[in-house]
Amino acid sequence: MNPQLSSSSFLVFVFLHSLKLATIYCHPLDPLTPSEISAVSNIIKSSHLGSSKSLSFHYVGLDEPDKPDVLAWASTHRWNQAAPPRRAFVIVRSEKKTHEIYVDITNHSVVSDKVYEGFGYPMLNFEEQEAASALPLDYAPFVESVKKRGLEPDDVLCTTFSVGWFGERKQGRRLLKIQCFLTGDTVNFYARPLEGVTVVVDLDAMEIVEYEDRMVVPVPRSTGTDYRAAKQKPPLGPRTKPGIIVQPEGKGFEVDGHMIRWANWEFHLGYDVRAGTIISLASVKDSETGIFRRVLHRGYVSEIFVPYMDPSEEWYYKTFFDVGEFGFGLLAAPLEPMTDCPANAAFMDAYVTDRDGLPIKQSNALCVFERYSGDASWRHTEFGILGQVITEVRPEVSLVVRMVSAVGNYDYVIDWEFKTSGSIKLGVSLTGILEMKGTQYTHVDQISGDQHGTLLAANTMGVYHDHFVTFHLDLDVDGPDNSFVKSKLKTVKVTDGSSPRRSYWTVAKETARTEADALVELGAKPAELLVVNPSKKTKMGNDVGYRLISHGATAASLLSDDDYPQIRASYSKKQVRVTAYNKSEKWAAGLYADESRGDDNLAAWTARNRVIENTDIVLWYTVGVHHVPYQEDFPVMPLLSGGFELRPANFFESNPLIKTTANKQVHLPNCSRNS
């Protein structure tokens, strides 16, 4: 063997291996590793719950250490510093009861096991949904309904829907509703519903407890519904020439375990079966001091509320919490290289659990890449100096962390974008397939009255609906003690004759004292929204801070306050809320969203009206879309995008864009030292 060749091959292997984010535990906020998940499962099965035949796992995740402990550990920047103990938080069902269990992984023991007695149920798991979906196919009344419609049973497919809450005073059975569709020669079964049939399943008993075949509606034809490229026939649409991103000096970011470093940014990239992507300890380097200054302690998608606007028997209950009921991380789609993510991307696998608490690998759940947008981050051309034309342009290069979650018919693309300017931009894009309703109509001229949607094709109605994507953002702007400031723009009249002008606008700053003061309906009144650190000043005396900038999709809920879905998602009337930091307040719809009644959600927390001035606070931002379907949304839906940005506001003494250039170096991870 050639020693030089062997050494080179080894280095190539190490480099390629580094492009996959490691699953080794290196950091207190690292997600649970497969071995830790298995250990947690074994610990619980060795407890009194092990003998239960109905034991099922619904959530297994990191019980994140207390914030001061994490910050103390991170401030040392020493891998040999003793990390806080590793603990897991687990929710299981056993004998029709919900257990909240804390497991000490380090000491291999159960710390606590408490039965939850309140309203709501835990997140659904894959296995029980699959089992429930199969029940109608062997249920005689359903088989008869299929025959009555002249359909082939082998072409029928069923899937699950959460049932919501509609005023029940006592916690009822743990239920799912089943809707069925026809496939045939298309994979787009959402376009071919068996309208009029409702199946209700008791999940604990795993049996059908209600069945109704209320009406027969023509099943839409499959023609033109299949979205697979291989199934398309002429005439075809426009064709673009292929392109690729080339980085001759290599990737410009470093992956060290779950720590990501790029240009003037460093942050921890985690994952959760419910939230999906979690960004922690995001800090930006001050070019003048060389010190990394913290911006965001922890951020993630907390909830997605999706109410449909059809009050009919088959549709009224379709008011989903996609995160709390189905699991945003559980439904992560494997990202496709060169399409979902560009050629210069690095990919990260994730791990979730099955019903038995065993680890399941999710390949390519996340990707990280540098984005070359073709835009300028800033530019200026100066013609004002005689005899000279001065042009300066800096290209916009950013770092993107991407995830796609396929929740039923919808695909959500979530981008965390870090910019050299110090900004963090959050992007939400909706795509996939519409939820469609079968109807007797084949032309709009036949329609009378409100049909709650748009006729997209013969017998096919695209139902009006909303998407409210709520982010949990524990901002630590240059430290944990922050305040929320509303800089209101107000018109001032010039009445004393001191100027030819008759009016101008100015800024009146209001610092929110309590949570009630920080409720914001975007667009109601012009204002700049900032999170500042009142104990940190620039040389000019300004509070250092970050401003919140909307990038579209600012809809708020239009449902009446007494409507049951709105009671459950009462936080969705305001796009911006600020709460005092509380480790347990993580999920906007509450820990138990399935069949919840809204008594422990984000709106309930803000109603406590705690003091939020100059203390540790959490910003909650909701990206909202009212979706009116159009024919171009059928059979597939183009991206519908919105988002927001956290941008420095007197955070730096000087603008970092003047001196910042894209980092072209790549460093190999050194996390393997802990293997």
Side-chain angles (χ1 to χ4, degrees), residues 267 275-280 282 295-306 321-324 328 401 403 412-419 422-430 466-477 482-487 512 515-532 545-557 569-582 585-589 601-603 605-606 612 616-626 640-649:
F267 57 89
T277 307
I278 298 180
I279 302 293
S280 303
V295 177
L296 176 71
H297 178 70
R298 204 152 169 85
Y300 50 86
V301 174
S302 176
E303 191 54 82
I304 303 177
F305 176 46
V306 188
F321 288 121
D322 283 347
V323 173
F328 205 57
V401 176
M403 172 193 170
Y412 294 90
V413 184
I414 305 296
D415 282 355
W416 290 77
E417 184 175 3
F418 297 83
K419 301 189 175 187
S423 290
I424 305 175
K425 184 177 179 182
L426 281 296
V428 178
S429 297
L430 314 176
D466 295 325
H467 297 266
F468 298 110
V469 183
T470 300
F471 286 83
H472 172 287
L473 301 162
D474 180 7
L475 289 168
D476 280 4
V477 177
N482 291 173
S483 295
F484 181 68
V485 176
K486 291 184 280 188
S487 293
E515 291 167 325
D517 298 332
L519 298 175
V520 177
E521 182 179 348
L522 294 177
K525 295 181 180 179
E528 294 276 302
L529 305 177
L530 301 98
V531 174
V532 304
Y546 263 70
R547 57 192 284 223
L548 176 64
I549 302 173
S550 170
H551 288 297
T554 59
S557 177
S570 49
Y571 59 87
S572 60
K573 287 287 179 93
K574 305 289 184 183
Q575 299 93 334
V576 178
R577 293 175 181 264
V578 179
T579 59
Y581 173 80
N582 185 318
E585 295 176 358
K586 301 173 64 174
W587 311 110
N601 65 8
L602 174 55
W605 305 334
T606 52
I612 57 169
D616 199 353
I617 60 177
V618 177
L619 175 72
W620 305 78
Y621 186 95
T622 297
V623 176
V625 174
H626 299 309
L640 187 62
S641 301
F644 61 99
E645 184 176 347
L646 300 167
R647 182 180 293 184

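Below, each value reflects all heavy atoms present in this structure, side chains not excepted, and no hydrogens, waters or symmetry copies.
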What residues form a side chain to side chain donor-acceptor pair (under 3.5 Å) with Y621, not counting sequence neighbours? S550
Taking atom CG of L519 and atom CD of Q575, what is their separation to the nearest 0.5 Å? 11.0 Å
Does either side chain, that of E515 or that of T579, offer a donor lying less than 3.5 Å from an acceptor on the other one? no
Please find the pair of heavy atoms, one from W416 and one from L473, that lie closest to each other, and give the distance. CH2-CD2, 3.9 Å
Could you tell me if the side chain of I304 sits less than 4.5 Å from the side chain of Y412, heavy atoms only? yes
Is it true that W587 and F321 have ring centroids separated by less than 6.0 Å? no
Is there a donor-acceptor pair closer than 3.5 Å between any side-chain N or O of E303 and the backbone N or O of V323? yes
The criterion is side chain to side chain donor-acceptor pair (under 3.5 Å); which residues satisfy it with W605, sequence neighbours excluded? D600
Please test V301 against T277 for side-chain contact (heavy atoms from CB on, under 4.5 Å), starting from the C-alpha separation and ending with a verdict. CA-CA 8 Å; V301 174; T277 307; over 6 Å; no
Who pairs with D415 by salt bridge (Lys or Arg N to Asp or Glu O under 4.0 Å), at least two apart in sequence or on another chain? R371, R402
List for me each residue that meets side chain to side chain donor-acceptor pair (under 3.5 Å) alongside E521, sequence neighbours excluded, and say none if there are none. none
Residue pair Y300 / K586, side-chain heavy-atom distance below 4.5 Å: yes
Between F644 and F471, is the ring centroid distance below 6.0 Å? yes
Picking from V477, I612, L475, what satisfies side-chain contact (heavy atoms from CB on, under 4.5 Å) with I617? I612
Under a 4.0 Å threshold between the charged nitrogen and the carboxylate oxygen, would R547 count as salt-bridged to E528? yes
Please name all residues satisfying side-chain contact (heavy atoms from CB on, under 4.5 Å) with D616, sequence neighbours left out, ordered by chain then number. K67, D474, D476, P480, Y581
Decide yes or no for F305 and H467: does some side-chain heavy atom of the first lie under 4.5 Å from some side-chain heavy atom of the second? no
Can you classify the ring geometry of H472 versus W620 as parallel (below 30°), tilted (30 to 60°) or perpendicular (above 60°)? perpendicular
Side chain to side chain donor-acceptor pair (under 3.5 Å) partners of E585, counting only residues at least two apart: R608, R610
Quick one, L530 and S487 - any side-chain contact, counting heavy atoms below 4.5 Å? yes
